[in-house]
Engineer: 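A single structure is presented below for examination.
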Amino acid sequence: MENKEKQNFDLPENAFRELKDGEEYEPVMKSGQTYREVSPWSVTWGILMAVLFSAAAAYLGLKVGQVFEAAIPIAIIAIGLSSATKRKGALGENVIIQSIGACSGAVVAGGIFVMPAIYMLDLQADFFQVFIAAALGGVLGILFLIPFRKYFVKDQHGKYPFPEATATTQVLVSGEKGGSQAKPLLLAGLVGGLYDFVVATFGWWNESVTSRIVGFGETIAEKAKLIFKVNTGAAVLGLGYIIGLKYASIICMGSLAVWWLIVPGMALIFPDSVLNQWDPTITTAVGDMSPEQIFKSYARSIGIGGIAMSGIIGIVKSWGIIKSAVGLAAREMKGKTADDKAVIRTQRDISFKIIAFGSIATLLLTFVFFYFGVMDFNLLHAVVGILLVTVIAFLFTTVAANAIAIVGSNPVSGMTLMTLILASVVMVAVGLRGNAGMLAALLMGGVVCTALSMAGSFITDLKIGYWLGTTPKKQETWKFLGTIISAATVAGVMIVLDKTYGFNSGKLAAPQANAMAAVIKPLMSGQGAPWALYGIGAAIALILDRCKIPALPFSLGMFIPLELNIPLLVGGTVNWFVTSRSKDANVNKERGDKGTLIASGFIAGGALMGVVSALLKFGGIEFDYADWWNNHLSEVFSIVAYAALIVYFILATKPGKKTT
């Protein structure tokens, strides 16, 4: 029976904190009751959102180089649809709409980071190959992640901030409650959205402030390669608030280690050297590069090595979880499992028997795809290819989930770059070179990239479902449909774009795919990779782990640009400030909770306006503010605007009058 009682849609007091011994989390939709979730309404709108946002995100990401996150806009649209049609009790349906629709962002990221490089390198690939690679990768990502659902969303409750899931959950809850209770989030969404919109569209002030704003800063950037940068966007500030001071500090430590120690150190040690053994496009001596160029050409690879080693450490530490998941699947296959009905609704997953058989079947299909469609009937190449894809995708699944849980950002481009390098080196070693080798490595990379992107995206969906009380089994089941539809849409858009503009014409941005194409060509001709830099990153991650410092957030800091890390620290500091000013613990908690709503509004507003801004650019409505941004006065304006935004945030967290 569907629940008909009047429902309290407030998130429980223990939603975002660690649970005490013996304490249980009871979600918004109670585990002992049933709710409307999967229905013709939710599935139809979920599919439409997947098609619409897959096409829009792929088109805009490739055309203007601006990738936006689809989950929050889809959640807002779902709320608007249920509100406009006066559909009561639609929270469960809205989660399903968001979950199916959010496949778009995951598959788009997996597709446009790698697949366009196929066309850029003048390789032959058809719709079928691109679609199958994206679809198989997405399905693998879902299957590999489900066994870790309980660990990430339940066992680690309150230990990870889950910034994007927090923001989406707050949007869905506020939409369901409506009225005055949704006002703080709506107002913050309006403020944050407009703030980011005027910067991205009109360029009223600079999006970043750097130490070059003063003459001394310009000098030390040029001579000592030391620089300080901060992005002044509202969405990134909100992200930092939800991440909190602890993780934000570790991320910034990693960033500063690269930007303030490694970048200047390389310029000091190799001032006249051109270190291009693995990349012939690098023709400038280290000492003649800007700090940004040194980071992009060299130092960022240290972060990739750190992320890879963090993945290995994570697998080792999660071995008990992996063994228990495999053991459970084995027991289910022997028929020694508990009745599905004995498990409470909110903890009911797809049968591990189905996951095991599904994983094997998907890997067999991938092998068949490699053998017939990619490796030209060479058994050795196909076997090596499937082994590489299986090991790397499984290894990095937990890394992607961890990264999303901590930072809300999936370092999928870095992990895919590592995949392409490993695939290229191994395939060259077994005799697959030239154009055939590049196509094989790129399609393998496409499968892995989509799998990792999907794993990161799906852990967000599952955490939202855990907080709100949806049935995981239903989310997991319908995620497959959204993935296949999104893969077909993305593949179609890429074919159309190649025929319309041509990926080699320069009319399409596709920055990540250009980077992948630049890396893979020399590798397939026998040149090396920056193994020494990867090794340094791996060693740093190992040392950090031995010192009990979380290696993954530190490595993410080394990989993500400085200007996107410092705002996380600013947001984390705001979190600490508003939750520690009062001697009354209840007041501190109330301010902290209200701050989470405001931060969620900033993220939601920024995401929604990012779509609008990108659409305007695509439609040819673009303002030229390059000269203004080259003027340091634009950075002064940015400091003033950022300070005003922070003051608004702090003042808005003050407890208001109680409303009934």
Engineer: Would you name the heavy atoms of Ser104 and Phe53 that are closest together and state the gap between them?
Structural biologist: OG-CB, 3.4 Å
Engineer: Consider ring-ring contact (aromatic ring centres under 6.0 Å, His included). Of Phe16, Tyr25, Tyr151, which one does His157 pass it with?
Structural biologist: Tyr25
Engineer: State, with a plain yes or no, whether a side-chain heavy atom of Tyr119 is found less than 4.5 Å away from one of Ile495.
Structural biologist: yes
Engineer: Between Asp196 and Ala235, is there a donor-acceptor pair closer than 3.5 Å when you use the side chain of the first and the backbone of the second?
Structural biologist: yes
Engineer: Going by the rule ring-ring contact (aromatic ring centres under 6.0 Å, His included), which residues pair with Phe458 if we only count those two or more places apart in sequence or in a different chain?
Structural biologist: none
Engineer: Is there a side-chain contact between Thr470 and Ile464 (heavy atoms, below 4.5 Å)?
Structural biologist: no
Engineer: Between Ala455 and Thr397, what is the shortest heavy-atom contact and its length?
Structural biologist: CB-CG2, 3.9 Å
Engineer: If the condition is ring-ring contact (aromatic ring centres under 6.0 Å, His included), which residues does Phe369 pass it with, not counting sequence neighbours?
Structural biologist: none
Engineer: Going by side chain to side chain contact (heavy atoms under 4.5 Å, CB included), Ser600 matches just one of Thr596, Ile603, Leu597. Which one?
Structural biologist: Thr596
Engineer: Centre of Trp478's six-membered ring, under 6.0 Å away, within 45 degrees of the axis: is that where NZ or CZ of Lys474 sits?
Structural biologist: no
Engineer: Only counting residues at least two apart or in another chain, list the ones meeting ring-ring contact (aromatic ring centres under 6.0 Å, His included) with Tyr247.
Structural biologist: none
Engineer: With rounding to the nearest 0.5 angstrom, report the CG to CG distance, Leu136 to Leu140.
Structural biologist: 7.0 Å
Engineer: Is the shortest heavy-atom distance from the side chain of Arg17 to the side chain of Lys159 under 4.5 Å?
Structural biologist: no
Engineer: Of the non-hydrogen atoms in Ala102 and Ile74, which two are nearest, and what is the gap between them?
Structural biologist: N-CD1, 3.8 Å
Engineer: Ignoring hydrogens, what is the shortest heavy-atom contact between Val153 and Lys463? Give both atom names and the distance.
Structural biologist: O-NZ, 2.9 Å
Engineer: Just verifying a value: how many Å separate Ser31 OG and Glu24 CD, rounded to the nearest 0.5 Å?
Structural biologist: 9.5 Å
Engineer: Assess the pair Phe152 and Phe162: is the distance between their ring centroids shorter than 6.0 Å?
Structural biologist: no
Engineer: About how many Å separate CG of Leu239 and CD of Glu164, when rounded to the nearest 0.5 Å?
Structural biologist: 8.5 Å
Engineer: Any luck finding a side-chain donor-acceptor pair between Arg348 and Thr471 under 3.5 Å?
Structural biologist: no
Engineer: First locate atom CD1 of Ile355, then atom CZ of Phe144, and finally report the distance between them rounded to the nearest 0.5 Å.
Structural biologist: 11.5 Å
Engineer: Is it the case that the side chains of Thr489 and Ser54 hold a donor-acceptor pair, with the cut-off being a distance below 3.5 Å and no angle test?
Structural biologist: no
Engineer: Write down the atom of Leu568, the atom of Val236, and the distance for their closest heavy-atom approach.
Structural biologist: CD2-O, 4.0 Å
Engineer: Only counting residues at least two apart or in another chain, list the ones meeting ring-ring contact (aromatic ring centres under 6.0 Å, His included) with Phe127.
Structural biologist: Phe131
Engineer: Could you tell me whether the side chain of Tyr466 reaches within less than 4.5 Å of the side chain of Gln347, counting heavy atoms only?
Structural biologist: yes
Engineer: Going by heavy atoms in the side chains, are Met454 and Val139 under 4.5 Å from each other?
Structural biologist: no
Engineer: Can you tell me how far the CD1 atom of Ile392 sits from the SG atom of Cys449, to the nearest 0.5 Å?
Structural biologist: 12.0 Å
Engineer: If the condition is side-chain hydrogen bond (donor to acceptor under 3.5 Å, both in side chains), which residues does Ser42 pass it with, not counting sequence neighbours?
Structural biologist: Ser39
Engineer: For the pair Glu37 and Lys473, evaluate salt bridge (charged side-chain N to carboxylate O under 4.0 Å, His left out) and give the outcome as yes or no after the intermediate values.
Structural biologist: CA-CA 11 Å; Glu37 296 176 68; Lys473 186 175 181 178; over 6 Å; no
Engineer: Please check if the side chain of Thr44 supplies one atom and the backbone of Pro40 the other of a donor-acceptor pair under 3.5 Å.
Structural biologist: yes
Engineer: Assess the residue pair Asn94 and Ser82 against the criterion (side-chain contact (heavy atoms from CB on, under 4.5 Å)); give the C-alpha distance rounded to whole Å, side-chain angles, the decisive distance to 0.1 Å, and a yes or no.
Structural biologist: CA-CA 8 Å; Asn94 288 342; Ser82 58; 3.6 Å; yes
Engineer: Can you list everything that forms a side-chain hydrogen bond (donor to acceptor under 3.5 Å, both in side chains) with Gln98? Sequence neighbours excluded, please.
Structural biologist: Asp461
Engineer: Do you know the tightest heavy-atom contact between Ala106 and Ser453?
Structural biologist: O-OG, 2.7 Å
Engineer: Starting from the C-alpha separation in whole Å, work towards a yes-or-no answer on side-chain contact (heavy atoms from CB on, under 4.5 Å) for Ile97 and Trp41.
Structural biologist: CA-CA 9 Å; Ile97 292 172; Trp41 170 273; 3.9 Å; yes
Engineer: Using the side-chain contact (heavy atoms from CB on, under 4.5 Å) rule, take Leu481 and Ile485 through it: C-alpha gap first, then chi angles, then the decisive distance, then the call.
Structural biologist: CA-CA 6 Å; Leu481 177 63; Ile485 287 169; 3.8 Å; yes
Engineer: Can you confirm whether Met49 sits close enough to Ile100 that some side-chain heavy atom of one is under 4.5 Å from a side-chain heavy atom of the other?
Structural biologist: no
Engineer: Do Arg149 side-chain atoms and Pro472 backbone N/O form a donor-acceptor pair below 3.5 Å?
Structural biologist: no
Engineer: Do Tyr160 and Ile404 make a side-chain contact, defined as non-hydrogen atoms from C-beta onward lying under 4.5 Å apart?
Structural biologist: no
Engineer: What distance separates Met444 CE from Leu439 CG, expressed to the nearest 0.5 Å?
Structural biologist: 11.5 Å
Engineer: Would you indicate whether the side-chain heavy atoms of Ile96 and Glu93 approach each other to under 4.5 Å?
Structural biologist: no
Engineer: Go through it in stages, so that I can follow the logic: the residues are Glu26 and Thr346, the test is side-chain contact (heavy atoms from CB on, under 4.5 Å), and I'd like the CA-CA distance, side-chain angles, deciding distance and then a yes or no.
Structural biologist: CA-CA 9 Å; Glu26 183 65 25; Thr346 52; over 6 Å; no
